[in-house]
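Both counts, for ligands and for their atoms, begin at 1 and track the order of listing.
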Amino acid sequence: MDTASAQASTQATRRVRIVIIGSGFSGLCAAIKLKESGEHDFVIVERAAALGGTWRDNTYPGCACDVPAHLYSYSFQLNPAWSHTYAPGSEIWAYLEHCADTYALRRHIVFQQTVTAAKFDADACRWRVETKEGATYEAQFVIVGIGGLSNASWPKIDGVSTFSGVQFHTAEWNHSVSLADKRVAVIGTGASAIQVVPAIAPIVKKLLLFQRTPPWVLPRIERRYSEGRKWLFAHYPATMRLLRGFFYRMQEGVTPWLTQFRDHPRGQRFIERMARHNIERSIKDPALRERVTPRYAPGCKRLLLSNDYYPALARDNVTLVSDAITRITPSGPVTASGETYDVDVIVYATGFAVSEYLHGLHVTGLGGRELSHEWQHKPEAYLGTLTSGFPNLFFLTGPNTGLGTNSVVVIIEAQVALIVDCLRQLSARGARSIEVIAEVQRRYNEELQSRLSRTVWNSGGCRSWYLAENGHNYTLWPGTTREFRARTQQANPDDYRFTN
Ligand code: NAP
């Protein structure tokens, strides 16, 4: 089916074998591997007008990946043309577009359809998937690839809507607004902020950076790949694989420093020394040094990489405000000390609504079970992919699949391998549905939470978006990616209920 007819048919109920929701790294990977396994009857439903997920949406100045690009790409589609060790966001988006063309995926994608509901009909053994725009799909399987970093999180600060200047979130950058010679407030000091601040500091008149908690920032060891190097990668792909392997082993090697951090005091000290050196080499003012130095274990919040963040803070036109914002007035933020900061633009670098896994998607499983209800306080799955009571439903980057150090693309590929194997086993048995056994899921999550309690994320002395209100960590995987890959390589038939 071509794109036009795919779009047209969205208004009637369309029957397909598989619905994939989202066309980011996850959705595209699922589509590619399904095709390779012989599955061609699938549709990718995408809410936006273009594919690419987080790399389509995040276009803020300085946006780049903080995982080496040769590792932050599909293992089966390496890219010899990456310009830098850490590729700019626009290159990653172009890479995904290229993958969609290479694997002829565009004709499977229906754009500008936001899936709002998926309901399982046990008798027919089919999911009924509905979109906000009025389309309906009936499918035997649903793969949810909507990602955790897809919905911007706006802070709950009084008066946000009263601000009379221009304001926007980093994930929804307003490119029609010139920041040249403007007084700009940036709220937040996470991964997005440390990239935005150095990029805009040289052009704005005044930059006020509002910090609630300082991050640990390590130097970024980066190089621009020369044309010769790219030629070598293109003509001798083994060299690219070697480089990827090097990055992979490096990231895996650091993982135990975070997952069993009390057993690795030397690793922790090493990270802290590097981060402190990064501060000292860029900031001369002892008071400012003090204010940007965290008071929690490195890695508790995501470790950030930058060579230009601290130098930006040391600029004359940049002021770090570490006093808490109490409200926003029409002229700008007001802090706890009562000071008002008059600005023209406010940039919210305040992250994503990560804990809302379903992002408003209404999923109804067996016996009318509502997933949003079940996941409201306890988003649990098995291997981040299947959840009991919801047959033939698969999640990519679901609960406890995030990583503190490595490339999430490795996890996505592992999850997709598991899904493909589930479908293979299902067909081999002549079964119609597959569901993880509740007790298997319960034991698995008990194991995860027990392991997570010993990690730096849970007990490193900070509060981060990794942790839910109840203090549990439903976000991160507590081991190496090697372990995750081993556990997802094949579906263990004893873990699942197959129904004919
Ligand atoms: P983030 O890490 O959640 O940081 C949000 C920042 O906003 C934090 O500094 C937070 O302070 C602050 N904040 C939130 N509400 C606030 C309030 N009411 N007042 C003042 N400050 C407030 O978000 P992010 O920087 O967008 O990054 C999110 C994730 O996206 C990253 O962890 C990473 O996984 C991904 N990311 C990756 C890259 C990359 O290079 N690959 C780049 C950008 C983002 P607290 O620390 O006190 O909560």
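- The list of disulfide (SG to SG under 2.5 Å) pairs with a residue in residues 261-317, not counting sequence neighbours, reads C300-C462.
- Judged by distance alone, with hydrogens and angles left aside, the side-chain atoms of Y103 form no donor-acceptor pair with the main-chain N or O of K33 at under 3.5 Å.
- A donor-acceptor pair shorter than 3.5 Å can be found between the side chains of T255 and T405.
- Taking the charged nitrogens against the carboxylate oxygens, D344 and K205 have no contact shorter than 4.0 Å, which rules out a salt bridge.
- Enumerated by chain and number, the residues approaching ligand 1 to less than 4.0 Å through a heavy atom are Y60, A64, C65, D66, L149, P155, I157, I187, G188, T189, G190, A191, S192, Q195, R212, T213, K301, R302, A349, T350, G351, F352, W465.
- At least one test fails for R229 against the ring of W82: distance under 6.0 Å to the centre or angle within 45° of the axis.
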Criterion ring pair (Phe, Tyr, Trp, His ring centres under 6.0 Å) on W154 and Y348, from CA distance to verdict: CA-CA 7 Å; W154 285 74; Y348 294 88; 4.7 Å; yes
